[in-house]
Amino acid sequence: MTLTTARRVLLTGCAALLGLALVACNKKEPAAPAAPAASGAATSAARIYVVGTDAAYAPFESQDEKGQIVGFDIDVVSAIAKKAGIEVKFVNTPWEGIFNALAQGDRDLLVSSITITDQRRQTMDFTAPYFDARQLIAVRADSKVSRFDDLKPLKVGVQNSTTGDEVVKKLQGNNSPNIKRFESTPLALKELEAGGVDAVVADNGVVVNYVKNNAGGKFKTVSDPGFVPEQYGIAVKKGNKDLLATLDKGLADIKADGTYDAIYAKYFGTASGAASSPASAASK
Ligand code: ARG
């Protein structure tokens, strides 16, 4: 779209200056993109790995005012890429369909706070874990909810097909009409604010961040010891052994040289040894 607009401006400019500046305009005409090298024939020159991420998940991945994709996951993968000497480009990719985009080769890897699960392992490969997480409940400040079980008869918002969705399904049953599924976690949290749901269940880091930055004193969080620990991994297409090895090596390297800890501290303020601290910090 940008290119089209740029061209139109360029053409308009050329028309206006017809005759006079035609040569100059011609010179500025962007060169046609070089035909991509046939796969396999590409030299080491500039292979750019496309990273899919659902950038509505602060502080892990979100878009800043300029539309730039930023966050903990982005810093981690950028640091891994730098270590590994590969080039990456982040592309905002809706959660629904993100795994398909990987399977179809539209994305080379995914970093999107993706919990490593046995079910997902059947259709994609994961690096070693890079972050510890758990589910956390968000409710309005005046709510009586004090544990997960209390959500059984209530309307609960989740992001569709996340681990939050899974745990609530287990509690209420697969077909419960009280599970309200949203395209993104912020949308579910907005609905909580609006009163359309009684609670939201999502990853601790995101819930804590939202409550801190958006919901003022309107929300509180409730943790439950029954939530099983989760770990995030970077996903590659099943069988993409080379890329997986490159990423795993890079991850081990940034953990060993302190880069990972520095990134962790930038976002969560404590050493990564206490990876579940966002939850504990939030629940009090
Ligand atoms: N960790 C959860 C899962 O893997 C939620 C991840 C959602 N990530 C996102 N960027 N929206 O199911």
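Counting starts at 1 for both ligands and their atoms, in listed order. One is the number of the first residue; the rest follow in order along the sequence.
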Check ligand 1 against the protein and report each N/O to N/O distance under 3.5 Å, formatted as atom name, atom name, distance.
from     : atom 1 : to   : atom 2 : distance (Å)
ligand 1 : 1 (N)  : S113 : O      : 2.7
ligand 1 : 1 (N)  : T115 : OG1    : 2.8
ligand 1 : 1 (N)  : D203 : OD1    : 3.4
ligand 1 : 1 (N)  : D203 : OD2    : 2.6
ligand 1 : 4 (O)  : T115 : N      : 2.8
ligand 1 : 4 (O)  : T115 : OG1    : 3.4
ligand 1 : 4 (O)  : R120 : NH1    : 2.7
ligand 1 : 8 (N)  : S112 : O      : 2.8
ligand 1 : 10 (N) : D54  : O      : 3.1
ligand 1 : 10 (N) : E61  : OE2    : 3.1
ligand 1 : 10 (N) : S112 : O      : 3.3
ligand 1 : 10 (N) : S112 : OG     : 2.9
ligand 1 : 11 (N) : D54  : OD2    : 2.7
ligand 1 : 11 (N) : Q159 : OE1    : 3.2
ligand 1 : 11 (N) : Q159 : NE2    : 3.4
ligand 1 : 12 (O) : R120 : NH1    : 3.4
ligand 1 : 12 (O) : R120 : NH2    : 2.9
ligand 1 : 12 (O) : T163 : N      : 2.8

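The shortest side-chain heavy-atom distance between S113 and F72 does not fall under the 4.5 Å cut-off. Proximity of R140 to D198: side-chain heavy atoms (C-beta onward) are separated by under 4.5 Å at one or more points.
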Candidate pair E193 and K190, rule salt bridge (Lys or Arg N to Asp or Glu O under 4.0 Å), full reasoning: CA-CA 5 Å; E193 222 171 319; K190 280 207 183 92; over 6 Å; no

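Checking T259 against D257 by side-chain atom types alone, a donor-acceptor pair falls below 3.5 Å. In this model, no donor atom of one side chain and acceptor atom of the other lie less than 3.5 Å apart for Y232 and D73.
Remark: F219 pairs with no residue by the ring pair (Phe, Tyr, Trp, His ring centres under 6.0 Å) rule, at least two apart or across chains.
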